[in-house]
Enquirer: 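Just dropping this structure here.
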Amino acid sequence: MQRSSYIFSASLHAGLMAVAIFGLPYWEPQRELEPPVILAEFAPIADKTNVPKPQPKAIESKAEPKDEPVPEQKVEPKPEPPKPQPQAVAPPPPPPPPTPEPPKQAEAPKPAPMPEPEPSPKPVPKPREVVETPEPPKVAEKPKPQSKPAPPKPAQRTEEKSKAPSFTDVAALVNKMKAPPAAQPQQAPQTASRTPPAAAPRAEGPSNPNLPISMSEKDFIRKQVEDKWQFDIGAKDASNLIVRVRFSLNPDGSLRNQPEIVDTARMYLPGQESYRSAAESARRAVLKAAPFQLPPGDKDKWGQEIILNFDPRQMLGG
Amino acid sequence: MDRTVSAMPLGGSAAATDLSLWALFLQADWIVKAVMLMLVLASFWSWAIIFDKLIKIRKVISDTDKFENDFWSGGSLDALYDRLSIAGPQHPMAVLFVAAMREWRRSTERGLVRGKHGLGSLQVRIGQVMRVSIDREMERLERYLGFLASVGSVSPFVGLFGTVWGIMNSFHAIASSKNTSLAVVAPGIAEALFATALGLLAAIPAVMAYNKFSNDLGRLNVRLEGFAGEFSALMSRQLDEEEAA
């Protein structure tokens, strides 16, 4: 055997290996698939959904002038008491306008300013409030009464214009309001009312079925589900059993399709039996709560897919 | 929200498995690793043999062609013998010729070629010498071809063994993780199949080369025997002519 043949063979194999390890084109596309591992996005969603941003402030601001009157408002007997509220609340809006949101929206619908300025400052407090599950739902319900004062306002606005010089341009701004859809979804639940006058707020935009369902509306639904959710407190690893359920509703509040668990794969992993039972119970809870009571406002948008996070920690009050 | 929902299945499916060949080798079981190493060595060795034989056989054939031309050109056989024996015979046919001529010369130098008996035994001796040298030369040329043959026939089985072992391991992995998703099994199966791929990679060239070389050598063998027959016929005619003279 000649030495050259060994060398030849060795170099051939080395070259082949080099091609296989570094340069084989077949393996390239698979490597590109790896980057999109973005699993860290769950937490922020849970926070957002739980946060009833606008209402707490509204409550607080109103709570200062009158602590108890809030329940009274639910009765909706007097259109007049609400008026002072918006005005009382109106002063706060001016400070928020400096926040990123366009000043038009802040001023335009007087009820609206209350929720709008809040979102910007509130994101910070949210996480704390998230812990207290019971509260958000209540809040979600309360805003409605508060908003009711709004509908009658078309007339009131004019009055207010005279009262508050800062709102003179409101009429013009109201027209502009129709244009920006982004801020409206939040206003929708609050401004919209069950009473016929709702026609007025609807004209301002909340009726767009393409608008996303706001957090407070979700919380309104969540509360109803959580009331029915019988969660096993003693389940293993209970703090990690955040269940995400996906479903959509008909305008009358019934389920449009069967609720689905988003993370179906996890249900069947070994060692996740407790998650599975939690997920199943969450699904049952949705089914039990089925004819949902929908928040006032446009009902068509509930046809959208809703994904709710159910966190046992919140259920148990932290 | 949409973003995270769509990110979930993506994140789940894109388990961090590296499927490059080197990673496949590294994450293999040690038996599979041994099988792979064996196959790589076999491939290396068989390719070395292939190159060696390729060069050697081609050279032998071209030398043989040249020698036959010289032999049948009508020149003096004694001169040809002197030339070859000084330089040393380089290829089987020259070795054959030199062996026969040497036997002839020695016999004639020592005066053994006397009478009918002496002539007959000289022819027998030359035939013997030529047959022996053919065998020896062919043996020299055929050395290592057996290795090619066995690599060609055995290495697929060796690779298959590695594959079976690797797949056994990956099924064990299924059993232990209780997860039948393809992501659990796929790396093991890929690494196992890699062993079969190596076995075939070693076997295919070995088999092809073995067939080619044994064909070439068979043809060379036929030529050598033909030459030996012709040469002994030539010699016996010469001897008969000398005796008649």
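Chain identifiers are assigned alphabetically (A, B, ...) following the order of the sequence lines, protein sequences preceding nucleic acid strands; residue numbering begins at 1 within each chain. Bear in mind the structure is a predicted one, so any value in this text is a computation, not a measurement.
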Enquirer: Pick one of side chain, backbone, both or neither for A/L16, based on which atoms fall under 4.5 Å of a heavy atom in chain B.
Expert: side chain
Enquirer: Looking at B/R136, I want to see if its CZ is surrounded by more than 12 non-hydrogen atoms of other residues, nucleotides or ligands under 6.0 Å.
Expert: no
Enquirer: So what's closer than 4.5 Å to chain A heavy atoms on B/S46: side chain, backbone, both or neither?
Expert: neither
Enquirer: Quick one: OG on A/S5 to CD1 on B/I49, what's the gap to the nearest 0.5 Å?
Expert: 9.0 Å
Enquirer: Anything in residues 199-212 of chain B with a heavy-atom distance to chain A below 4.5 Å? Please list those residues in order.
Expert: B/L201
Enquirer: Side-chain contact, heavy-atom cut-off 4.5 Å: B/W45 with A/Y6?
Expert: yes
Enquirer: Can you check whether B/F44's main-chain N or O pairs, donor with acceptor, with A/S9's side chain at less than 3.5 Å?
Expert: yes
Enquirer: Please list, chain by chain and in numerical order, all residues satisfying side-chain hydrogen bond (donor to acceptor under 3.5 Å, both in side chains) with B/T196, sequence neighbours excluded.
Expert: B/T163
Enquirer: Kindly check if the number of other-residue, nucleotide or ligand heavy atoms within 6.0 Å of CH2 (B/W72) is above 12?
Expert: yes
Enquirer: Can you tell me which portion of B/K56 sits under 4.5 Å from chain A's heavy atoms? Options are side chain, backbone, both or neither.
Expert: side chain
Enquirer: Considering non-hydrogen atoms only, spot the tightest contact between B/V40 and A/M17 and give its length.
Expert: CG1-CE, 3.7 Å
